[in-house]
2 protein chains.
Amino acid sequence: MPNLLLKDLPRYECLLEAAKEFPDLDPSACEAFLHLLRTGDESARVVEANLARHNITQGRFGVLMILVNRCAGDTSTLGPAELADAAGVSRATMTGLIDTLERDGLVTREPDTVDRRMMLVRLTAKGRSLLEEILPDHFKNMTLLMSPLSEFERQTLVQLLTKIQQQAIKFTGPVSAATAV
Amino acid sequence: MPNLLLKDLPRYECLLEAAKEFPDLDPSACEAFLHLLRTGDESARVVEANLARHNITQGRFGVLMILVNRCAGDTSTLGPAELADAAGVSRATMTGLIDTLERDGLVTREPDTVDRRMMLVRLTAKGRSLLEEILPDHFKNMTLLMSPLSEFERQTLVQLLTKIQQQAIKFTGPVSAATAV
DNA sequence: GGCGAATAGTTAGGCGGCTAACCATAAAGA
DNA sequence: TCTTTATGGTTAGCCGCCTAACTATTCGCC
C-alpha cells in the first residue's frame, strides 16, 4: 500500500549511524522492512503495468478472479459484501469497483428476489473472455518475475514472509478482536 | 500498491490444479508472488496504523523523512521536484502532499528568489518535533514486526528480495530507458 | 404483530496515487 | 536578440482506498 517509498533505500551504514541517535532503531529489521515494502511495491507495479494494457486495474482484476473462482459452475450467488470480504476491502470500495466493472460490461448487478437487501453480482461473457485474454500474460509475468529464484529459494521466501505475516496479525488481530467484543 | 488482495491466498494444491488448465501458471512462482504482495501490504498497514495515531500518513511521513535527512544542517534547498524524485512519486502527487503538510503546519513553502520557478520546502519546528515524537514508536514497530526473524534470516530475506527487485527493474527499466531516448 | 437489532448496499467526503494539460521562468541556440 | 526548448510547479480529472452516515430489508424476541 505504500507507493511512496524512498527511491534509494538508505545504505546499511547509514542505518547503523542513525541507530546511534535512535536506540529503538534496529538496523537489520529496518533494512528488511524497507526492502519488503519496496519489493512488494515494485512487484505490484509490474503486474499492474500489464493489467493496464488490458484496461483493467489490480482491484478490478481481483474481483473478476474471485467471481470466476467462486462461481465455478454457474449461478453461485455472490453479493458485494461477500466480495468485499473475499477481497479484503471495505464494502464501500467494493461498491465502487463493481460500479466500474458494470459500466465496462464485465459484470452485471441484479437484485436478489428472495432477500431484497441483496444484490447478485455475476460475471458476463465479456468479463470471462477478458480474463481468459489476460491470464496467460499475467501468469507469465509472475513466472518471469520470480525466475531469479530457485525452487528452494522460493520456499524459503514464503517461509520467511509467513513468519512476518503472522507477526503482523498480532498487531491488527487484537484490534479486530476488541471490536468484536 | 495492491490493497486488494485475496483475503485467503489460494492453497498450493489449488495452484497445482489451476496449473493444469493454464500452462503458463508456475505454482511456486505464483505462491511466492502472492505471499510477497500480501506480506508487504500487511506490513505497510502495521506501520500506517501507527502513523495514523499521530494523524499522518505513510506518504506525508516519507516527505518529512526526506526533508530531515537531506536538509541535515539547516538550509539545504529542496523543491517539490527533488522531493518527488526522492520519494519515487509524481510531481502532481508531491504537490498534494506538500499542500496537506503545509496546511497542517509541518512544512513551509517559500518561493526561491534566485530561480523564480522554484519553491523551497522547509521543515518547520512543528514538523521536526512531530517526527521526533513519531520515530521511536515507528522504529519499535519495525523491530517488533521483524522480531520473528533471526539476523541470518533477515539477511536471507533481503538477498531474495533484492533478486526479485532487480528482476522487476528489467520490466520497468527498459520503458524509462525508451523514454529517455 | 410489532419494535429493535443486525445486515446489505450505497452515498458522501477525504486522501493519495496517476496522467495530461497548463503557466511561468530559465537556458540554449540560430 | 529572440525564439525554441527544457524545466518547475500547479491544476483538473480519474481511480481506488478509507470511514461514517444513511436507507432498506430481514431477523429475533417480547
Side-chain angles (χ1 to χ4, degrees), chain A residues 1-5 37 41-42 44-45 48-49 51-52 55-63 77-104 107 109-121 172 175-176 179-180, chain B residues 1-5 41-42 44-45 48-49 51-52 55-64 77-104 107 109-121 172 175-176 179-180:
Chain A
M1 195 206 246
N3 235 339
L4 186 144
L5 219 43
L37 261 59
D41 198 47
E42 291 285 332
R45 278 180 209 245
E48 271 175 4
L51 293 179
N55 213 19
I56 202 170
T57 64
Q58 175 86 259
R60 280 178 261 167
F61 173 74
V63 176
T77 75
L78 261 193
E82 294 157 290
L83 282 171
D85 210 44
V89 104
S90 74
R91 293 187 183 185
T93 298
M94 188 51 67
T95 295
L97 289 172
I98 296 170
D99 281 350
T100 311
L101 289 170
E102 192 178 22
R103 186 201 61 193
D104 293 351
V107 305
R109 233 195 294 227
E110 17 174 329
D112 185 337
T113 52
V114 185
D115 184 340
R116 284 157 56 207
R117 291 170 303 182
M118 295 272 293
M119 296 295 279
L120 299 185
V121 179
T172 54
V175 175
S176 43
T179 55
Chain B
M1 196 206 247
N3 236 339
L4 186 145
L5 219 43
D41 198 48
E42 292 284 334
R45 277 180 209 244
E48 273 175 3
L51 293 178
N55 214 20
I56 202 170
T57 64
Q58 175 86 259
R60 281 180 259 166
F61 174 73
V63 177
L64 297 184
T77 77
L78 261 195
E82 294 158 288
L83 282 172
D85 210 46
V89 104
S90 75
R91 293 185 184 187
T93 298
M94 188 51 68
T95 296
L97 289 173
I98 296 171
D99 281 349
T100 312
L101 288 169
E102 192 179 22
R103 186 201 61 192
D104 293 350
V107 306
R109 233 195 296 228
E110 19 174 327
D112 185 337
T113 52
V114 186
D115 184 340
R116 282 159 55 207
R117 291 172 301 182
M118 295 272 293
M119 296 295 279
L120 300 184
V121 179
T172 55
V175 176
S176 44
T179 55

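Note on naming: letters A, B, ... go to the chains in the order of the sequence lines (proteins, then strands), and numbering restarts at 1 for each one.
Between the base of D:dT25 and the side chain of A:Arg116 there is no donor-acceptor pair shorter than 3.5 Å.
For D:dG16, the OP1/OP2 oxygens have a side-chain nitrogen or oxygen of A:Thr100 closer than 4.0 Å. Put simply, B:Thr57 has no side-chain N or O that comes within less than 4.0 Å of OP1 or OP2 on C:dC15. Between A:Thr95 and C:dG9 there is no side-chain N or O to OP1 or OP2 distance below 4.0 Å. Look at B:Thr93 and you'll find a side-chain N or O under 4.0 angstrom from OP1 or OP2 of C:dC18.
Considering only side-chain atoms of A:Arg60, the nucleotide from C:dG9, D:dT26, D:dG16 that sits closest is D:dG16. Side-chain proximity of A:Val89 to the nucleotides C:dC18, C:dG9, D:dC17 is greatest for D:dC17. For A:Arg117, the side-chain atoms get nearest to D:dT25 when compared with the rest of C:dC18, C:dA26, D:dT25.
One atom, CE of A:Met94, and another, C1' of C:dT10, lie 14 Å apart when rounded to the nearest Å. One can place CE of B:Met118 at 19 Å from P of C:dA24, the figure rounded to the nearest angstrom. Distance CD1 (A:Ile98) to C1' (D:dC17): 15 Å, rounded to an integer number of Å. Protein atom CZ of A:Phe61 is 18 Å distant from nucleotide atom C1' of D:dC15, rounded to whole Å. Separating the CZ atom of B:Arg109 from the P atom of D:dG8 is a distance of 16 Å, rounded to the nearest angstrom. As a whole-Å value, the separation of B:Leu78 CG from D:dG9 C1' is 15 Å. In this structure, CD1 of A:Ile56 is placed 20 Å from P of C:dC18, rounded to the nearest angstrom. When the P atom of D:dC14 is taken as reference, atom CG of A:Leu97 falls 17 Å away, rounded to whole Å.
Side-chain contact check for B:Arg109 versus B:Asp99: some heavy-atom pair is nearer than 4.5 Å. Residues A:Met94 and A:Val121 fail the side-chain proximity criterion, which asks for heavy atoms closer than 4.5 Å.
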May I have the step-by-step check of side-chain contact (heavy atoms from CB on, under 4.5 Å) for A:Arg60 and A:Asp104, ending in yes or no?
CA-CA 11 Å; A:Arg60 280 178 261 167; A:Asp104 293 351; 3.5 Å; yes
Using side-chain contact (heavy atoms from CB on, under 4.5 Å), reason through A:Asp85 and A:Glu82 one step at a time and then give a plain yes or no.
CA-CA 5 Å; A:Asp85 210 44; A:Glu82 294 157 290; 5.5 Å; no
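Taking the charged nitrogens against the carboxylate oxygens, A:Asp41 and A:Arg45 do have a contact shorter than 4.0 Å, which makes a salt bridge.
Each of A:Pro80 and B:Ala92 was matched to the nucleotide of DNA chain C holding its nearest heavy atom; the match closer to the 5' end belongs to A:Pro80.
Within 4.0 Å (heavy atoms only), B:Arg91 reaches at least one base atom of the nucleic acid.
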